[in-house]
Amino acid sequence: MFLKERALAAHFIDKVVGSELVNIADDPSQPGSFGSYFFDDEGQMASSTRIVEQGVFRRGITDRYSATALEIPRSANGRRQDYSRKAYARMSNTFFAPGTSTLDEMLAQVDHGIYLDKCSSGMEDPQGWGIQVTCQYGHEIKAGKITERIFAPIGITGYVPDVLQSIGAASNMLIMDSGNCGKGHKEIVPVASGGPHLLLTARLG
Amino acid sequence: MLKQIVEALKKRRDLADWTVRHHQMRGAQVYAVPQGLESLRAVDGERYLIDVLRKTTTADGAPAIGNGDVSLLPGQDIEQAIDKATLVAELVANPVYGLPAPAPIPDVPLCDAELQSDPSGVMLGVMERIRGAALKQSRIHLTAAECFGEILNTHLVNSQGIDAEQISTQINIEFVLHGKKGDQESEVFDELTRRRASDLNIESAIEDRIHYTLDSLDAAAPATWQGPVVLRNEALSIFLSGDDLTGGVMRIRGSAEAKYAGLSPWEPGKSVFRGEVVGDSLTVWANRSLPFGSGSDCFDAEGLPAQRVPLIRDNEFVSFASSQRYADYLQIPATGAFGNVELPAGKIPAADLLTEPYLEVVQFSWFNPNPVSGEFSTEIRFGYLVENGIRQPFKGGQLIGNYMDALENVHWSAETGFFGAYLGPHTARFNELKVA
């Protein structure tokens with residue numbers, strides 16, 4: 001995406017994009033995960049790539065072509081759907097690293113909010129850094145407790161750095177979910193993504 | 001090798017029925033980045049797909065059928081492959097069904113003749129047209145594009161006597177346009193699939209997306225809206241025919257498989273709606289014989305000939321699209337795969353459907369309604385709120401509603417269009433939908 005001038009992130013290398021609790025990585029060497037492999041489809045040995053470290057954006061993921069053109073170290077993300085397709089820089093297991101809080105401690109900090117559950121879809125916006133996540137439902141949080149009131153469907157929208165900067169707590173558990181990632185309706189590869197519970201501020205809709 | 005596989009299958013006394021398909025694919029792929037062409041690839045592939053049925057019994061001894069399948073590359077061990085499929089079939093005990101018998105197969109047009117003769121040349125030409133169309137607007141540049149063209153030859157033989165061949169072509173293009181105004185940047189991604197290059201309408205498609213890219217520079221999140229929502233062209237096509245990932249509500253509810261599984265509420269002779277129809281009546285065909293339709297073929301994976309199946313007529317459900325298996329189960333005619341969605345022309349000129357105010361959804365992020373409940377809350381990538389003579393662009397927000405309820409209150413345009421997997425009115429005005 002950097003090479004195609006499609007990523008706003010290219011202008012944010014080594015700049016702050018989130019709170020210090022924000023650590024995001026892509027790691028195809030994660031044992032047992034759905035997006036794991038020993039080496040990518042261009043022969044690069046699997047290893048972890050730290051994308052955001054303590055709120056600072058460090059780098060993107062690459063295939064051989066983009067790493068060469070951008071003159072940066074290769075990450076192990078050259079992946080192809082099958083033998084008939086070209087390798088692209090694609091995610092593997094991408095996750096938000098856990099923090100130290102418990103879910104109860106996080107809920108206790110919320111006077112009035114929503115506990116979002118069962119994400120159903122999201123919209124990417126690499127140029128504008130808008131974020132939109134739709135969930136099947138969300139539980140109301142009142143005075144630090146989840147109530148029986150449910151909102152459905154519900155989602156959040158915002159500007160990525162604003163949302164990441166607003167993160168005030170991350171739980172101490174990493175929950176991974178597996179699936180398949182495509183470019184449009186093709187180039188399907190197995191992936192996993194996940195993270196801890198996050199306490200953040202964003203526009204609800 | 002096909003002949004050897006058929007001979008090997010004929011000798012197997014442990015099989016009740018079998019089908020073998022020989023797929024040969026060749027094509028060209030062209031990739032572009034802002035600096036120019038990134039790569040031109042020639043691709044080809046060949047494989048054999050074997051499906052077998054074997055008589056088995058249920059746990060209580062009742063007759064059943066088991067199915068297994070295997071794929072082979074040229075030169076692989078045929079007997080070993082059939083043994084694998086047979087072993088799997090032996091472990092399965094489904095209600096008994098069979099395979100289709102020979103029937104006349106229509107000659108549905110499926111090929112781009114130029115692509116067949118020169119895949120690389122045609123796809124380079126398509127890429128040049130995309131780049132040329134994008135160059136016409138100086139405030140926009142093409143950041144990435146991919147053009148794939150494939151020719152697929154299928155030869156199907158089954159134990160009931162079907163022996164049929166078909167050739168089809170398919171072209172898939174995707175492109176990303178980038179716009180900039182001051183500090184504002186925007187991009188529009190789109191993809192199109194057709195069987196012929198001439199059906200892509202590249203120049204007008206790019207021109208439309210250029211407008212969207214420029215307009216999205218001024219777009220904000222939408223305000224809450226409840227009222228008329230207009231879908232046109234590709235957005236309407238996605239709404240009606242679904243996509244490869246979700247299949248779409250029509251396709252799923254109209255399938256005998258879904259009926260057998262208890263997932264489709266539709267009953268022949270009864271309304272497909274739960275409420276009163278206050279808009280135009282709905283008539284839909286599942287048309288696999290549509291010339292150059294993305295979902296068309298001469299015969300499907302079982303060998304069933306292409307048909308134009310009346311799915312819904314004046315709001316009443318008529319018949320399911322059914323494979324042989326589910327036709328046997330439901331005691332209905334086997335029509336084969338669903339194919340394309342076709343609607344008749346409406347009665348109202350498209351221009352009259354654009355009475356202000358209305359909200360137009362130009363592009364969904366991913367329209368993925370629940371096929372069972374019909375509920376949807378789907379992200380809008382880009383659209384316009386049109387009122388007082390102003391088209392105010394917006395991006396983001398969710399279109400919320402119920403699929404069948406929305407179709408109870410819709411007006412269709414008299415003008416029609418062909419969009420790959422959909423043929424029908426090119427504009428629809430849904431009178432009561434919500435955006436939040």
Side-chain angles (χ1 to χ4, degrees), chain A residues 1-11 63 65-66 68-70 80-88 118-138 151-159 179-188 202-205, chain B residues 25-27 29 31-35 38-39 41 43-45 141-146 148 150 172 174 176 178-180 184-193 213 216-217 219 221-222 224 243-246 364-368 370 375-381 395-398 400 435-436:
Chain A
M1 299 290 266
F2 284 26
L3 197 61
K4 293 173 180 173
E5 301 166 15
R6 290 188 61 195
L8 189 62
H11 306 296
D63 58 2
Y65 179 83
S66 58
T68 305
L70 295 168
R80 59 178 87 229
Q81 175 180 298
D82 57 43
Y83 79 95
S84 70
R85 299 299 174 85
K86 179 179 159 298
Y88 298 86
K118 300 291 180 194
C119 171
S120 58
S121 61
M123 185 175 84
E124 81 284 9
D125 180 15
Q127 273 290 350
W129 271 11
I131 185 172
Q132 186 166 338
V133 179
T134 303
C135 298
Q136 291 175 13
Y137 53 85
F151 298 87
I154 190 167
I156 59 168
T157 59
Y159 177 59
N180 292 289
C181 178
K183 281 174 78 274
H185 296 121
K186 58 186 182 65
E187 313 300 346
I188 308 295
R203 178 182 162 181
L204 282 162
Chain B
M25 182 276 288
R26 63 189 172 89
Q29 301 172 352
Y31 299 80
V33 290
Q35 298 79 10
E38 181 189 350
S39 65
R41 309 176 76 232
V43 294
D44 60 55
H141 74 277
L142 184 72
T143 54
E146 297 179 4
F148 289 14
E150 286 185 357
N172 176 275
E174 61 177 58
V176 183
H178 175 259
K180 190 169 184 179
Q184 291 291 315
E185 294 185 53
S186 69
E187 70 169 25
V188 165
F189 165 90
D190 217 337
E191 59 182 334
L192 298 169
T193 299
T213 310
S216 67
L217 288 165
T224 299
D243 60 34
D244 294 341
L245 295 177
T246 61
F364 296 108
S365 291
W366 181 30
F367 185 68
N368 59 340
N370 183 316
E375 301 293 328
F376 60 82
S377 173
T378 190
E379 284 132 352
I380 301 168
R381 194 179 290 270
K395 54 185 176 185
Q398 296 164 29
I400 298 167
V435 171

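Residue numbers start from 1 in every chain, and the chains themselves are labelled A, B, ... in the order their sequence lines are given, proteins ahead of strands.
Side-chain contact check for I156(A) versus I131(A): every heavy-atom pair is 4.5 Å or farther apart. Counting heavy atoms from C-beta on, the side chains of T134(A) and S377(B) come closer than 4.5 Å.
Only the side chain of Y65(A) comes within contact range of chain B, with at least one heavy atom under 4.5 Å from a heavy atom of that chain. Using a 4.5 Å cut-off between heavy atoms, S39(B) contacts chain A through its side chain alone, with no backbone atom that close. When heavy atoms are compared at a cutoff of 4.5 Å, D190(B) does not approach chain A at all.
Classification of K86(A) and E146(B) as a salt-bridged pair fails, no side-chain N sitting under 4.0 Å from a carboxylate O.
The candidate from A436(B), G397(B), G27(B) with the greatest count of non-hydrogen atom pairs under 4.5 Å with chain A is G397(B). Most heavy-atom pairs under 4.5 Å with chain A, from the set V176(B), N172(B), T193(B): that is V176(B).
Shown here are the side-chain contact (heavy atoms from CB on, under 4.5 Å) partners of R85(A), two or more places apart in sequence or in another chain: Q81(A), D82(A), K186(A), E187(A), Q29(B), F148(B), E150(B). Looking at residues two or more places apart in sequence or on another chain, you find a side-chain contact (heavy atoms from CB on, under 4.5 Å) between N180(A) and F34(A), I188(A), P190(A).
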